[in-house]
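To keep things clear, I will list the structure first and then write my remarks on it.
Remember, predicted model here, so these are calculated numbers, not experimental data. In this chain, numbering begins with 1 at the start of the sequence shown.
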Amino acid sequence: MMLRTIASLLGHQFAPDQENNLKPTTVPDLIEDLRVLDQDPYLSLADPELRVISVFDDLKYDRADMDLLSGPMRRRVIDRIAPLGFKQVSGTVISHKTENVRMLLPKIHALGASPFDATRYIDRGPNDFFILTPTQAACHMIDSYEHYEAVDRIKVLVTTQPINLLRIMDFLERKTSHQTFRSAIGHLKLVQREAVEAEPLCRRRALR
């Protein structure tokens, strides 16, 4: 059963009455299907556990840069997940045609909003995914994992999709997890700079 398989992979448990309501399906396992996105230089299943897909933004940032999914970024991911059974139903929701699974895009509340807010106020179901910028994906990791786990996962992310570390630094909050992350920014800058200067990342350009 597709929904139960996804939940098992992501560490979720269903109550017995929920299990009985699930219908059998021949749809292949969605998580494995979504790994095909990693073959696209602009897309990544950045964190299967957090159910996050990120879309390449740019190689270099200024701390004042807007952090949002541009039209070309949105079209890229929508086109790539359409063959997996997904269809856009609104400006912020892409739904699977047969399964209770959605891809959620953050709403733009304010251009200067914190990248940490991108996922905080979205009503996400237990099988829904976020589609985020790399910077938003990193912020979600910071808010979701213990310090060292978050840093390790972000180190992997920045080798393929650079993030706006200066913007993250500007929006770190006073809570312990954010202040602890501040100490890792210098190391992440180095990892990211080395990745950006090397092949194949150095030749990548933002989607237009």
Side-chain angles (χ1 to χ4, degrees), residues 10-11 37-38 40-70 72-74 76-77 104-122 124 129-208:
L10 299 176
L37 297 180
D38 291 329
D40 187 306
Y42 289 94
L43 303 176
S44 174
L45 179 58
D47 196 312
E49 287 75 25
L50 293 182
R51 305 186 304 283
V52 169
I53 293 169
S54 62
V55 188
F56 177 86
D57 190 355
D58 212 335
L59 292 181
K60 296 182 180 180
Y61 297 99
D62 182 87
R63 64 188 345 130
D65 288 342
M66 293 185 294
D67 186 64
L68 51 83
L69 291 166
S70 67
M73 293 165 72
R74 292 162 66 94
R76 183 79 171 204
V77 70
L104 306 177
L105 301 97
K107 293 181 180 179
I108 302 173
H109 295 288
L111 295 180
S114 167
F116 288 95
D117 288 343
T119 59
R120 285 178 175 170
Y121 308 110
I122 298 178
R124 182 165 74 148
F129 287 72
F130 284 134
I131 298 175
L132 305 172
T133 69
T135 301
Q136 292 167 351
C139 289
H140 191 47
M141 292 175 188
I142 295 168
D143 277 345
S144 301
Y145 293 115
E146 295 295 329
H147 172 67
Y148 290 109
E149 181 71 13
V151 172
D152 285 346
R153 290 176 183 252
I154 293 170
K155 280 174 64 176
V156 174
L157 175 65
V158 301
T159 60
T160 58
Q161 296 193 346
I163 64 177
N164 193 336
L165 285 160
L166 292 175
R167 189 168 185 82
I168 290 177
M169 186 167 62
D170 287 345
F171 283 96
L172 287 174
E173 299 160 10
R174 293 185 178 181
K175 55 187 176 182
T176 302
S177 60
H178 282 213
Q179 292 307 308
T180 304
F181 182 78
R182 186 181 296 275
S183 64
I185 290 179
H187 176 60
L188 289 172
K189 284 182 178 178
L190 175 61
V191 173
Q192 179 163 291
R193 183 169 66 248
E194 291 176 346
V196 167
E197 293 174 352
E199 296 280 359
L201 201 54
C202 66
R203 297 182 180 276
R204 197 161 304 160
R205 296 295 178 264
L207 290 166
R208 294 287 185 260

* To do: Using ring-ring contact (aromatic ring centres under 6.0 Å, His included) as the criterion, list what pairs up with Y61, not counting sequence neighbours.
  => none

* Asked: Counting distance only, does the side-chain N/O of R204 pair as donor-acceptor with the main-chain N or O of P41 below 3.5 Å?
  -> yes

* **Side chain proximity check, F130 to D47, heavy atoms < 4.5 angstrom** => no

* Is there a donor-acceptor contact under 3.5 Å from the side chain of Y145 to the main chain of H140? -> no

* Can you list the steps and then say if D117 with F171 is a side chain to side chain contact (heavy atoms under 4.5 Å, CB included)? -> CA-CA 10 Å; D117 288 343; F171 283 96; over 6 Å; no

* **Whether D65 side chain and D62 backbone form a donor-acceptor pair below 3.5 Å** => yes

* Measure the CG-CZ distance between L104 and F129 for me, rounded to the nearest 0.5 Å. => 10.5 Å

* **Nearest-0.5 Å distance that lies between atom CZ in F181 and atom CG in L165** => 6.5 Å

* Asked: What's the spacing between L68 CG and K107 NZ if we round to 0.5 Å?
  -> 15.5 Å

* How many angstroms lie between CD1 in I154 and SG in C139, if you round to the nearest 0.5 Å? -> 7.5 Å

* Asked: Would you find a donor on one side and an acceptor on the other, under 3.5 Å apart, between the side chain of Q179 and the backbone of E173?
  -> yes

* Asked: Is it the case that more than 12 heavy atoms not belonging to M66 sit under 6.0 Å from its CE atom?
  -> no

* Considering only heavy atoms from C-beta outward, does the side chain of L190 approach that of E194 to under 4.5 Å? -> yes

* **Electrostatic pair R167-D170, nearest N-O below 4.0 angstrom** => no

* Distance only, no hydrogens: is a donor on one side chain within 3.5 Å (strictly under) of an acceptor on the other, for Q161 and S54? -> yes

* Asked: With a 4.5 Å heavy-atom cut-off, do I185 and L172 have their side chains touching?
  -> yes

* To do: Please check if atom CD in E146 has more than 12 non-hydrogen atoms from other residues, nucleotides or ligands closer than 6.0 Å.
  => no

* Closest heavy-atom pair and its distance - L59, C202 -> CD1-O, 3.9 Å

* Structure fact -> CD1 (I168) and NE2 (H178) are apart, to the nearest 0.5 Å, by 9.5 Å

* Separation between CG of D57 and CE of M73, rounded to the nearest 0.5 Å -> 4.0 Å

* Check the side chains of T133 and D67 for a donor-acceptor pair under 3.5 angstrom, ignoring hydrogens and angles. => yes

* Would T180 and H147 count as having a side-chain donor-acceptor pair, cut-off 3.5 Å? -> no

